[in-house]
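Along the sequence shown, the residues carry numbers beginning at 1.
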Amino acid sequence: MKKTILASVALFAAGAMALTSCGPKAADIVAAFNKATGQDVVKIDSTKAISMECSMEGPGMSMPMSITARIQPILQMRLQMSAMGMDILAVINGEQGWIVIPGQGVSEIPAEQMKEITGQFTFSSMNNWDLYDYANADSRELNGVKLQGVKMTPKPGVPASANKLENIVVYFNPDTHLMEMVTAEMTAGTQTATAEIFTTDYQKFGGEILIPSRMSVTVPGEEGSFEIVITDYKYNADVPDSLFEKPVVDGEIADAA
C-alpha cells in the first residue's frame, strides 16, 4: 500500500542541497519551466481537482489506477486501483481517510499512515509553484546534461509542509527548461531514504499544459524501481464534495473494524 500511495502522488507531478549564487536564479528557472509547459498562460488552480488515468508498472506487475485530488483548502484524494485481482478504493478528506477492500467493508486509515500519505503528497502539487518557496540548489548531471537544481519548501498551510517529506529538490534541463528529476527524503519510522523520480515523455493530453506521461520511481530499501504511465490527465476540474466523503458499501456507511 505504501508503494501504491507513493506512486499516486508521484504522478501529479514526482539529501539537502547547499545553496549557490551562481547561474540562473531559482525564480528564473521556475519561470522558464512555466513558459515551456504553458503554465505561464494557464494556471493550475489548487482549489480545483486534478484527475488522471494511469498504471503502475514493475517486474511482474501492472496496476491500473484512477486518481482524483484537490490540494486546497484541505487535502482531498480518491484513488481507485486494481491489485491482485481486487478492486480497492482509498479516500482522503483532510485528516480523515478510509479504505475499501472487497469482503472487508470500509476501514479507517490509521493516523500514522495518514501522515505518511499527506507527507508524500508534496509531489502532487509540483505543478503549482505558488504553493512553494524555492531557492537555488546544487546542479546534478543526468545523461550528460548538467541539470539546474531548485530546492522546494512548501509554504505554511500547504498539506505537505507538516509531514515527513523533506529536502525536496527539483532538477530542470537548461535547454528544454523541463523538469527531469525530483529527489526528496522520506522518513518511515526511524528509517530515512532519498526517493528519486525521473520524469519523461511530456504530453498535453488534450489540454494546454505539458505533463510528463512517464515517471520512473526509485526508493532505496523498496523492492526495486517502478514506472508510472499516464494515459489521461485533466486539471482545473470541478468535482462534487461527495466524491471525498466516507465510502458507502451495500447501501450502508460501514464503521471501521
Check: Just how far is it from atom CD1 of Ile168 to atom CE of Met152, taken to the nearest 0.5 Å?
Finding: 8.0 Å

Next item on the list: Report yes or no: do Glu227 and Ser216 form a side-chain donor-acceptor pair below 3.5 Å?
Entry: no

Margin query: When you compare the side chain of Ile230 with that of Phe205, does any pair of heavy atoms fall below 4.5 Å?
Written below: yes

Note to self: Taking salt bridge (Lys or Arg N to Asp or Glu O under 4.0 Å) as the definition, give me every residue that meets it alongside Asp175, ordered by chain and number, with sequence neighbours left out.
What the structure shows: none

Notebook entry, point to check: Can you list the residues that meet the salt bridge (Lys or Arg N to Asp or Glu O under 4.0 Å) rule with Lys204, with sequence neighbours excluded?
Noted result: none

Item checked: Those residues that, when tested against Asp87, pass side chain to side chain donor-acceptor pair (under 3.5 Å) (two or more places apart) -> Ser82

Item checked: Carboxylate-amine/guanidinium contact Glu180 Arg140, below 4.0 Å -> no

Checklist line | Nearest heavy-atom neighbours spanning Ala26 and Ala135 | finding: CB-C, 3.5 Å

Next item on the list: Using a 4.5 Å cut-off on heavy atoms from C-beta on, say whether the side chain of Gln80 contacts that of Met65.
Entry: no

Margin query: Contact between Val100 and Ile88 at the side-chain level, heavy atoms closer than 4.5 Å - yes or no?
Written below: no

Notebook entry, point to check: Side chains of Lys146 and Pro174: closer than 4.5 Å at any heavy-atom pair?
Noted result: no

Check: Taking atom CZ of Phe33 and atom CG of Asn173, what is their separation to the nearest 0.5 Å?
Finding: 12.0 Å

Checklist line | Ile209 to Val42 - nearest heavy-atom pair and separation | finding: CD1-O, 3.6 Å

Margin query: Are Thr183 and Tyr171 packed together at the side-chain level, in the sense that at least one heavy-atom pair is separated by less than 4.5 angstrom?
Written below: yes

Notebook entry, point to check: Between Val169 and Gly149, which heavy-atom pair has the shortest distance, and what is it?
Noted result: CG1-CA, 4.3 Å

Notebook entry, point to check: What distance do Cys54 atom SG and Met81 atom CE have between them, rounded to the nearest 0.5 Å?
Noted result: 11.0 Å

Checklist line | Any Phe198 side-chain heavy atom under 4.5 Å of Met179 side chain | finding: no

Next item on the list: With sequence neighbours excluded, tell me which residues meet side chain to side chain donor-acceptor pair (under 3.5 Å) with Asn143.
Entry: none

Note to self: To the closest 0.5 Å, what do you measure between OG1 (Thr47) and CD1 (Ile74)?
What the structure shows: 12.5 Å

Next item on the list: Check step by step if side chain to side chain contact (heavy atoms under 4.5 Å, CB included) holds for Leu79 and Leu89.
Entry: CA-CA 6 Å; Leu79 166 65; Leu89 170 66; over 6 Å; no

Checklist line | Nearest-0.5 Å distance that lies between atom CD1 in Ile50 and atom OH in Tyr235 | finding: 10.5 Å

Checklist line | Student check: side-chain heavy atoms of Phe244 and Ile92 closer than 4.5 Å | finding: no

Margin query: Taking the basic N atoms (NZ, or NE/NH1/NH2) and the acidic carboxylate oxygens, is any pair closer than 4.0 Å for Asp238 and Arg70?
Written below: no

Notebook entry, point to check: With sequence neighbours excluded, what pairs up with Glu53 under the side chain to side chain donor-acceptor pair (under 3.5 Å) test?
Noted result: Ser66

Notebook entry, point to check: Does a side chain donor of either Thr218 or Glu196 reach within less than 3.5 Å of an acceptor in the other side chain?
Noted result: no

Notebook entry, point to check: side chain to side chain donor-acceptor pair (under 3.5 Å) with Lys234: which residues, sequence neighbours excluded?
Noted result: Asp232

Margin query: When you compare the side chain of Leu147 with that of Ser139, does any pair of heavy atoms fall below 4.5 Å?
Written below: no

